[in-house]
**Q** 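Before anything else, here's the structure in question.
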Amino acid sequence: MSFIGLDIGTTGCKAIVFAEDGRVLSEARREYAIQTPQPGWAEQDAEEVWRLAWQCLRQAVAATPHDPPSALAISCQGEAVIPVDAGGHALRPAILGMDTRTTAENAWLIETFGADELFQRTGMPVHTINTLPKLLWLQRHESTIWRNAHQFLLYEDFFLRRLGGEAVISACLASRTQMMNLASADWDDDILSRCGIERSRLAKPASSAGGVVGRLRPALKQELGLASDLLLVSGGHDQACAALGSGVIAPGLAMVSTGTAEVVEVAMDSPALAPTLRDGGISVYRHVVPGLYVAMTLNHSGGLLLRWFRDTLGRWEREQAVATGVDAYDLLLQEAPPGPTRLLWLPHFAGSGTPTLDVRSKGAILGLTFATTKAEMAKAALEGLTFELRINLDLLQSAGVKITELHAVGGGARSNLWLQLKADICNIPLRVPMVTDAACLGAALLAGVGAGAYLDLATAVAQTVRWRERIVPSSERAEAYEAQYARYRRVYPLLAELLHEL
């Protein structure tokens with residue numbers, strides 16, 4: 001028996017077919033674009049995403065003819081809003097989570113509800129990332145789209161509508177919209193009413209994590225060449241699915257996922273709704289693991305910063321990577337100094353993430369001299385990103401959230417240098433799973449529970465999650481980085497006003 005984890009990310013999608021023991025049987029990937037029609041806007045062609053994801057599914061399923069998948073679940077980016085017609089087709093580009101056009105709508109929400117009231121009810125701090133203010137923006141600025149739309153979907157329910165006929169959203173993903181009551185796991189009718197949003201125009205919340213919500217349409221099943229039904233199972237937000245796929249199924253365990261963005265997910269047995277987390281923009285929502293919640297931090301730069309550095313300053317390394325097969329990032333970092341660099345890199349290339357949430361901040365590099373090397377700059381970029389990680393971990397722990405171990409996944413987990421930096425700068429042990437595409441694995445485990453292959457998610461994790469290595473902090477380097485971290489904490493407050501003027 002096998003299962004598909006379909007991941008719909010911000011810049012690409014992938015479909016991976018897993019065996020019951022967690023082995024990867026086949027996979028397929030595609031990339032797609034983010035559109036920026038105006039400064040601060042971030043949109044995406046949802047129909048193109050659907051087309052490329054369907055290509056991935058066809059390719060991955062075709063490669064496993066002797067063990068065809070029996071169930072599929074979706075891991076997806078959060079907050080993206082897709083107005084659709086009665087047939088489930090997008091009426092306009094999706095408005096993505098990183099879009100920052102909703103400042104006025106958030107001001108109205110604060111005036112109408114109060115920031116703390118919204119946080120206590122939904123777990124979501126007031127921020128441009130949320131789905132709710134995006135819907136308010138559509139109401140105010142695209143009235144024709146608003147009137148004509150049959151429903152307003154996120155990527156999970158958009159795909160389930162196309163795959164099986166009904167738009168169903170997991171409690172995990174719905175609890176990131178700022179419209180779901182965190183305690184009841186249902187849409188908050190008071191919020192919907194006061195915002196002029198009809199419940200019928202949203203997807204139906206799934207009754208349980210890992211529950212069957214439909215079956216693949218016969219025509220699509222035939223197109224995939226499947227003889228038996230493919231069950232569609234409730235999935236969740238990509239970061240929560242990645243937390244599951246990396247074994248974060250108990251309070252105190254945390255995942256750091258380094259992809260396009262860098263995210264931390266910490267598992268909790270009850271929601272931590274402290275004012276410091278609200279003010280720091282830490283979202284608290286339902287885990288895909290029943291009975292657990294997660295607190296999430298976010299740095300939008302993440303792997304995008306490294307990609308910018310490679311593409312802008314690493315042309316030779318890119319050419320060598322093509323010629324030799326050696327990773328371009330490894331070539332950029334191969335002569336990096338062993339300890340802390342002499343640079344401080346503020347990685348606010350897309351504004352700052354949690355906990356400062358300053359969309360007007362910019363990037364900065366301090367300490368450049370004629371002796372500075374490209375490798376030192378590359379490592380300083382990693383240090384800056386990891387200092388931001390440490391700031392968020394410190395905030396969570398100060399609010400009483402226990403963190404005993406980090407599980408590292410995503411593209412960043414393939415860099416031993418970066419993994420050791422995380423351990424040394426944060427002074428916390430890391431574990432790296434064998435499968436670092438943890439979001440797909442987490443979705444596949446939900447599919448497996450829905451298909452009856454596993455008793456529950458704890459059993460599924462025990463049977464499938466294997467560890468590549470455990471990384472512990474170096475006491476000597478951890479001490480050296482404490483001084484550098486203290487200097488880094490001074491950079492943003494000193495530069496913020498100037499950066500706002502640029």
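All values below come from the heavy atoms of this structure, side chains included, with hydrogens, waters and symmetry mates left out. What you see is a predicted model; the values in this text were computed from it and never measured.
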**Q** Nearest 0.5 Å, please: how far is CG in L292 from CD1 in I249?
**A** 8.5 Å
**Q** Without swapping roles, check the side chain of K134 against the backbone of I129 for a donor-acceptor pair under 3.5 Å.
**A**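 Present.
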**Q** Ignoring hydrogens and geometry, is there a side-chain-to-backbone donor-acceptor pair from T354 to L298 under 3.5 Å?
**A** yes
**Q** Taking ring-ring contact (aromatic ring centres under 6.0 Å, His included) as the test, write out the residues that go with W41, two or more places apart.
**A** W137
**Q** Just say parallel, tilted or perpendicular for the rings of W467 and H407, cut-offs at 30° and 60°.
**A** perpendicular
**Q** Salt bridge (Lys or Arg N to Asp or Glu O under 4.0 Å) with D311: which residues, sequence neighbours excluded?
**A** R318
**Q** Which residues pass the ring-ring contact (aromatic ring centres under 6.0 Å, His included) test with F159, sequence neighbours left out?
**A** W50
**Q** Please tabulate, one pair per line, all N/O donor-acceptor pairs under 3.5 Å involving side-chain atoms of residues 238-247, not counting sequence neighbours.
**A**
unit_1 : atom_1 : unit_2 : atom_2 : d
Q239   : OE1    : S257   : OG     : 3.4
S246   : OG     : A242   : O      : 3.0
S246   : OG     : A243   : O      : 3.1

**Q** List the steps and the verdict of side chain to side chain contact (heavy atoms under 4.5 Å, CB included) for L389 and N299.
**A** CA-CA 8 Å; L389 169 63; N299 180 355; over 6 Å; no
**Q** A side-chain contact here means heavy atoms from C-beta on lying under 4.5 Å apart; do I391 and Y488 qualify?
**A** yes
**Q** How would you list all residue pairs meeting side-chain hydrogen bond (donor to acceptor under 3.5 Å, both in side chains) that involve residues 491-502, not counting sequence neighbours?
**A** D358-Y492, D358-H500
**Q** Please tell me if the side chains of M98 and Q77 come closer than 4.5 Å, counting only heavy atoms from C-beta onward.
**A** no
**Q** For residues T11 and I34, determine if any side-chain heavy atom of one lies less than 4.5 Å from a side-chain heavy atom of the other.
**A**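 Answer yes - side chains close enough.
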**Q** Applying salt bridge (Lys or Arg N to Asp or Glu O under 4.0 Å), name anything that partners E469, two or more places apart in sequence or on another chain.
**A** none
**Q** Within this structure, what is the CG-OG distance for the pair L421 and S474, rounded to the nearest 0.5 Å?
**A**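 So the gap between those two atoms works out to 11.0 Å.
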**Q** Rounded to the nearest 0.5 Å, what separates atom CG in L135 from atom OG1 in T177?
**A** 8.5 Å
**Q** Can you tell me how far CE of M124 sits from CZ of F119, rounded to the nearest 0.5 angstrom?
**A**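 Between F119 CZ and M124 CE, I get 9.5 Å after rounding to 0.5 Å.
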**Q** If you look only at pairs with a residue in residues 250-266, which of them pass as a salt bridge (Lys or Arg N to Asp or Glu O under 4.0 Å), with sequence neighbours excluded?
**A**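 Of all non-adjacent pairs touching residues 250-266, those that pass salt bridge (Lys or Arg N to Asp or Glu O under 4.0 Å) are E262-K422.
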**Q** CD/Q44 to OH/Y32 distance, rounded to the nearest 0.5 angstrom?
**A** 5.5 Å
**Q** Judged by atom type as modelled, is there a donor-acceptor pair below 3.5 Å linking the side chain of Q397 to the main-chain atoms of N392?
**A** no
**Q** Apply salt bridge (Lys or Arg N to Asp or Glu O under 4.0 Å) to R342 and list each qualifying residue two or more places apart in sequence or on a separate chain.
**A**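 Residues passing salt bridge (Lys or Arg N to Asp or Glu O under 4.0 Å) with R342: E376.
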**Q** Verify whether one side chain among T459 and D456 offers a donor that lies under 3.5 Å from an acceptor in the other.
**A**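 Present: a donor and an acceptor within the cut-off.
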**Q** Should the ring pair W108 and F113 be called parallel, tilted or perpendicular, given that the plane angle runs from 0 to 90° and is split at 30 and 60?
**A**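 Rings of W108 and F113: perpendicular, over 60°.
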**Q** Sort and list the pairs that fulfil ring-ring contact (aromatic ring centres under 6.0 Å, His included) and have at least one residue in residues 240-291, not counting sequence neighbours.
**A** H237-Y285
**Q** Just checking, any donor-acceptor pair under 3.5 angstrom between side chains of S75 and D7?
**A** yes
**Q** Could you pull out all residues at least two apart from R470 that satisfy side chain to side chain donor-acceptor pair (under 3.5 Å)?
**A**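 Scan of R470 (side chain to side chain donor-acceptor pair (under 3.5 Å), adjacent residues dropped) gives E405.
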**Q** Between T103 and V359, is a side chain to side chain contact (heavy atoms under 4.5 Å, CB included) present by the stated rule, with each step listed?
**A** CA-CA 11 Å; T103 302; V359 297; over 6 Å; no
**Q** Donor-acceptor pairs under 3.5 Å, side chain of residues 411-418 to any protein atom, not counting sequence neighbours: which ones?
**A**
unit_1 : atom_1 : unit_2 : atom_2 : d
S415   : OG     : W418   : N      : 3.1
W418   : NE1    : T386   : OG1    : 3.0

**Q** Just to verify, what does E20 make a salt bridge (Lys or Arg N to Asp or Glu O under 4.0 Å) with, not counting sequence neighbours?
**A**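 Once residues adjacent in sequence are excluded, E20 has no partner under the salt bridge (Lys or Arg N to Asp or Glu O under 4.0 Å) criterion.
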**Q** T341 and E383: side-chain donor and acceptor closer than 3.5 Å?
**A** yes
**Q** Considering only heavy atoms from C-beta outward, does the side chain of D99 approach that of T128 to under 4.5 Å?
**A** no
**Q** Is I95 close to T102 at the side-chain level, that is, under 4.5 Å between some pair of heavy atoms?
**A** no
